[in-house]
Amino acid sequence: MTEVRKFQAVRGTRDIVPPESALWTRVERVARDVFETYRFGEILLPIFEETDLFARSVGAGSDIVGKEMYTFADHDWLDLEALRRTILEFPLGEPSEPFQASFASLSRKFVDALFQATLSSGIPGTPENKAASERLSEHVHKLSQYLEDFETFPNFDIVVTGQAIKQALKSIQLGPIVSLRPEATASVVRAYIEHGMQTLPGDVKLYYMGPMFRRERPQKGRFRQFYQIGAEVLGQSDNPGIDADVIEMVLVFIERCGLVGHTLYINSIGCRDCRPKYVELLRAELTKVKDKLGPDSQRRIETNPLRVLDSKLDSEQAVIETLPRIGDHLCEACREHFKMLQAMLFMRQIAYEVNWRLVRGLDYYMRTTFEITAPGLGSQNAICGGGRYDGLVELLGGPPTKGIGFALGTDRLILALQEAGKGEAASGGAGVDAYVAWMGASTYAVAVRVARTLRDAGFSVEMSHEEMKFKKSLGLAARLGARFAVILGDNEVAAGTCTVKRMADGTQATIAERELAGHLRT
Ligand code: HAM
């Protein structure tokens, strides 16, 4: 017999259950209401995409793509995959002949199976795949020839050929490699291109909400499955008024949810012209103070010096403050754009702080970047991040297009609301208007009908399908927080009435069944 096992949600994931889920529903409703007043339309996106989409947009060298994505091969060639694994695990350099023959035979088997699979057009016929399978066939052929007649090939090196076979095997892609989405901007841009949205009138304004996945170390406000509410504007203009509008919209949303005490930080990280020069300058300056930095920052001097500015290590703060600031190294156009953005925010009476260290961890940003932090969240206090990504559409094969957007971390916004005592929508949404209490087999049918009539009229109604004494039913109605109990016994059914008890004060009235909805509204 199978052993009984209890399961728990996987580390970094969780259930959001009533009544807390009602607060989530409220926040999502506020987002929809606010975003639609700015003419944003909702886009529903796939939860997984080709890994390469994220590698090209978020950046192959970013932490997100480099170490945090949930990635898997999405194809049906399980036999081929298993065979490949067996060949790759074969220790090379084993001198015994049967061993070598078995390596060669498995490799031949793979070549044949790959050929058949390619004929049935199940394997991507990319130039990389063609080149790799040609290399593979060539090396396997050489190995077979050698095994048939050692003497003709005195200089043959089986280890070198074995390694070449393994290398070629590794580079063959049996099907798409996909990842659970770590963010949604890349998907929105892919969809924009795929659906030719550049032909739509005006700027394309899209919003989305749903789960994202990053394999980070879980802690307060940081999950492996977390939720974002985000919005993107794609179009021909990079006017800073658009940036300010997007920022205004997210602030209206946050404020309408009831949050106070949050801070908006903005920065400009320049463009393709000015940023590389600044990055080089920063790298040179960082190299001079390398000894004063920790191992992570030391590594980043080479890989991504901008990320050193993100460091939260106390010991590095004094050094970082002495570094050159990007604001002093922007090109004329970027400087003007940033100045205009600030004027536009001022015009809207939006308070902000310039934070020259706000660089963000995604490669697609240029010029405007922004973040909103909330009190009460500890180290994971960024509730929203966003910025401009002109050029990303082109990078992914679309027409020249400008883009800006943000994503708000729903988990963190909810946490901040709860910390501030603003989680009250929790009980409101789940309230019960009427509890239908019945007794007697013949009254059940009437109770079902009454419940349906009240629900059709928009009331939230609960009833039990087990017959219970009235005392027990009314006790349950009280515990559920019902506003009314609708009591149905044999007498009521015979008279075509109900006894309605107002739970708050215990007053009772006899009401005709057809007047029930009207009575509950009073
Ligand atoms: P991001 O800064 O990576 O930007 O994420 C945005 C927000 O998602 C963060 O500020 C945070 O509130 C939330 N978040 C991120 N990771 C986690 C996590 N592990 N647990 C809980 N919450 C998390 C983006 O994703 C960009 N796509 C934003 C954007 C849209 N830029 C332009 N358009």
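The figures that follow rest on heavy atoms only: side chains count, while hydrogens, waters and symmetry mates do not. Remember, it's 1-based here, ligands and their atoms both numbered in the order they're listed.
If you look at Pro182 next to ligand 1, there are no close heavy atoms at all, none under 4.0 Å. If you look at Arg222 next to ligand 1, the close heavy atoms, those under 4.0 Å, come from the backbone and the side chain alike. In Phe370, neither the side chain nor the backbone holds a heavy atom less than 4.0 Å from any atom of ligand 1. For Tyr365, every heavy-atom contact with ligand 1 shorter than 4.0 Å involves the side chain, none the backbone.
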message = The test is salt bridge (charged side-chain N to carboxylate O under 4.0 Å, His left out); show your working for Glu419 and Arg412 and say whether it passes.
response = CA-CA 10 Å; Glu419 295 280 339; Arg412 293 188 192 171; over 6 Å; no

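Near Gly386, meaning under 4.0 Å from one of its heavy atoms, ligand 1 places the atoms 31 (N).
Counting only heavy atoms of the protein, atom 20 (N) of ligand 1 lies nearest to Phe223 N, 3.0 Å. Atom 9 (C) of ligand 1 has Ala382 O, 4.0 Å as its closest protein atom, hydrogens excluded (heavy atom only). Among protein heavy atoms, the minimum distance from atom 14 (N) of ligand 1 is reached at Phe226 CE1, 3.5 Å.
Taking each of Arg360, Glu183, Arg214 in turn, the one with a heavy atom nearest to atom 3 (O) of ligand 1 proves to be Arg214. The heavy atom nearest to atom 6 (C) of ligand 1, considering only Arg224, Gln228, Gln219, is found in Gln228.
Looking at heavy atoms from C-beta onward, Ile47 lies in side-chain contact with Pro211 at the 4.5 angstrom threshold.
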